[in-house]
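In what follows, a single structure is set out as structure tokens and then discussed.
Atoms within each ligand, like the ligands themselves, are counted from 1 in listed order.
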Amino acid sequence: VSNDETRPPETGARDMGDTVGGDAGAARGVAGLATTYSARQVRRARELLTALYAARRTVRFYPLDHPATNEAIRELKEVVDAYHGEGVDIALAFFEGELLLGEQVLPEESILFDQLIRELTGIGVGSLVIRRGVQAHELARMVQLVAVDSFEVEQSGGMPRMIAEAQMPYVEIGEVKVFESSDQDDNPERAQESYQDAIELMREIDTLVGHKRAISAVRVKGVVRSLVDNVLSNRQAMMALSGLKSFDEYTFYHSANVALLSLALGSSITHDYRFLSSLGTGALLHDIGKLTVDPEILNKPGSLSPEEWALMRQHPVRGAEQAVAISGLDRSAIVIVLEHHMRFDGCGYPRPPLLSRQHLASRIVAIADAFDAMTSRRAYSSARVQDEAMAILVQSAGSALDPVLTRLFLSMLGLFPPRSVVRLGDGSTAIVIRPSDSDVLRPHVRVIADPAQAMIEPYDVDLSATPDLRIVRSLDATALNIDVEDYI
Ligand SMILES: [Fe+2]
């Protein structure tokens with residue numbers, strides 16, 4: 001996938017660069033998912049989960065003072081001590097079938113320990129932090145607590161109460177957050193306002209950068225706060241806005257779209273405000289390094305010369321330098337700006353330092369960036385149809401993009417994302433309004449033309465509730481002369 005620039009030049013895809021430099025390690029750590037683990041510690045997670053799994057089973061069959069229980073807890077304590085001995089606490093998080101150690105998604109363990117994750121989230125356990133200083137008896141209490149079933153949870157007055165009663169000073173159990181969104185809260189005006197604010201901020205930043213004047217972190221934070229709030233509480237209206245394009249102000253709209261899509265994806269992992277705030281800030285500012293690149297190069301139709309390439313490839317480092325100059329901006333956001341072309345496999349630019357890899361938040365932004373860029377028309381490439389762009393993302397999962405996050409992105413937007421023009425099974429033409437909560441293939445659509453292709457008074461259909469009507473294929477809006485915005 002090419003993140004940002006999809007034209008195939010002679011010198012290789014635009015985002016497959018040489019090393020430009022930059023220190024990605026300096027500003028790591030996103031609050032809430034803050035701990036970064038070494039490769040060895042990540043590998044050890046399997047051992048940890050095996051021990052936890054075994055201990056849970058044991059306490060279900062034996063009392064706490066039974067030798068089998070003692071042995072199982074001793075084995076768990078041994079793995080826990082291995083982390084603590086290296087000076088790190090253990091932070092596990094579970095969400096929608098995925099497992100995280102610190103900020104890192106563990107794809108294989110997510111599959112191997114699928115049952116464990118389901119059972120834990122089923123009783124309301126969303127995260128587990130085991131701090132240094134924990135003793136075996138406290139670990140035993142923790143295991144006993146997470147071994148209950150949902151019936152016992154109900155009997156005992158709910159998980160929060162059980163956690164409080166267990167009194168575990170070194171163990172912290174977080175609740176599962178329910179990331180359901182309801183249509184009732186939908187407020188299209190508020191969503192529109194928030195989105196337009198983001199565009200306006202980008203215009204301002206462009207002017208400030210042009211005049212070499214300072215950007216206010218307070219102003220940026222205000223806009224990002226509104227984006228985060230709206231994605232969390234006004235999600236459907238926000239999702240319907242994603243994908244708004246402007247050819248003339250491509251970078252501004254692109255930045256707002258990337259922020260919106262990144263926040264939507266990020267909020268399906270966590271509702272930690274600090275994490276989302278850094279993510280939104282980094283996503284919105286990810287391309288500020290391009291504001292100082294000569295527009296002649298930026299919008300040049302056709303291929304770039306090697307020198308022009310080298311310049312283009314500097315934009316993440318330039319952008320990070322500009323972000324550093326915004327006093328009070330949080331460091332995680334700067335990391336995102338620096339890393340957005342680094343790629344999941346580390347083959348992008350700038351090259352990640354040895355033993356370091358692209359940050360979780362940067363991996364989220366990379367997906368949103370790739371998707372929005374591919375579906376936009378730019379001076380050097382035409383826009384791709386949404387489902388084609390989605391297919392390219394899926395093909396890049398595991399190489400350029402994080403596979404787990406890509407899968408989440410697909411299930412979030414659906415195979416036919418908002419603003420896709422589609423042909424339905426009965427021959428009519430429709431525009432996708434918003435994704436379905438339950439089926440990636442069956443979004444909410446607005447039918448605009450009948451089977452004979454005569455334009456009609458548009459009406460909405462929820463395809464997830466209409467089993468005999470389905471999407472047959474995507475259509476190219478431009479070729480059909482349909483202006484999607486007229487219908488939204
Ligand atoms: Fe970029």
Side-chain angles (χ1 to χ4, degrees), residues 1-9 11-22 24 198-199 201-202 205-206 209 245-246 249-262 265 279-295 297-300 304 308-324 326 332-352 358-359 361-381 383-384 389 392-393 396 400-402 405:
V1 71
S2 86
N3 260 22
D4 205 359
E5 294 83 28
T6 45
R7 101 178 103 161
T11 41
R14 255 200 190 183
D15 57 351
M16 309 272 243
D18 303 323
T19 307
V20 177
I199 309 261
L201 172 68
M202 293 316 295
I205 289 179
D206 185 37
V209 167
K245 311 285 183 193
S246 160
E249 292 193 309
Y250 166 70
T251 306
F252 306 157
Y253 278 77
H254 172 65
S255 300
N257 287 337
V258 171
L260 208 158
L261 290 170
S262 298
L265 181 56
L279 175 65
T281 308
L284 198 59
L285 301 181
H286 78 281
D287 263 348
I288 52 167
K290 277 191 182 168
L291 298 178
T292 48
V293 174
D294 183 355
I297 301 175
L298 214 54
N299 301 318
K300 184 179 166 184
L304 297 179
E308 291 167 333
W309 269 107
L311 252 168
M312 277 299 291
R313 279 197 294 263
Q314 282 174 15
H315 83 268
V317 174
R318 285 270 172 80
E321 285 165 2
Q322 282 165 285
V324 167
I326 306 175
S332 305
I334 300 165
V335 171
I336 296 172
V337 176
L338 181 67
E339 293 187 347
H340 74 280
H341 288 290
M342 201 172 262
R343 294 177 44 124
F344 177 68
D345 58 12
C347 293
Y349 60 90
R351 278 269 191 273
Q358 208 183 13
H359 195 287
S362 312
R363 302 201 298 267
I364 292 174
V365 171
I367 293 173
D369 182 19
F371 181 75
D372 188 73
M374 280 193 286
T375 51
S376 304
R377 181 170 72 95
R378 282 150 303 156
Y380 45 84
S381 74
R384 285 172 200 272
I392 294 173
L393 288 196
S396 313
L401 304 174
D402 183 316
L405 292 173

Donor-acceptor pair, side chain of Gln358 and main chain of Phe344, under 3.5 angstrom: yes
Using 2.8 Å as a strict upper limit, say whether an N, O or S atom of His286 approaches the Fe ion (ligand 1) that closely. no
Would one find an N, O or S atom of Asp369, in either backbone or side chain, under 2.8 Å from the Fe ion (ligand 1)? no
Please test Leu265 against Leu261 for side-chain contact (heavy atoms from CB on, under 4.5 Å), starting from the C-alpha separation and ending with a verdict. CA-CA 6 Å; Leu265 181 56; Leu261 290 170; over 6 Å; no
Which is the closest N/O/S atom of Asp287 when seen from the Fe ion (ligand 1)? OD1
In this structure, CG of Asp372 is separated from CD1 of Ile367 (nearest 0.5 Å) by 13.5 Å
Counting the benzene-type ring for Trp, do His315 and His340 have ring centres under 6.0 Å apart? yes
Given NE2 of His315 on one side and NE2 of His340 on the other, what angle do they make at the Fe ion (ligand 1), to 10°? 90°
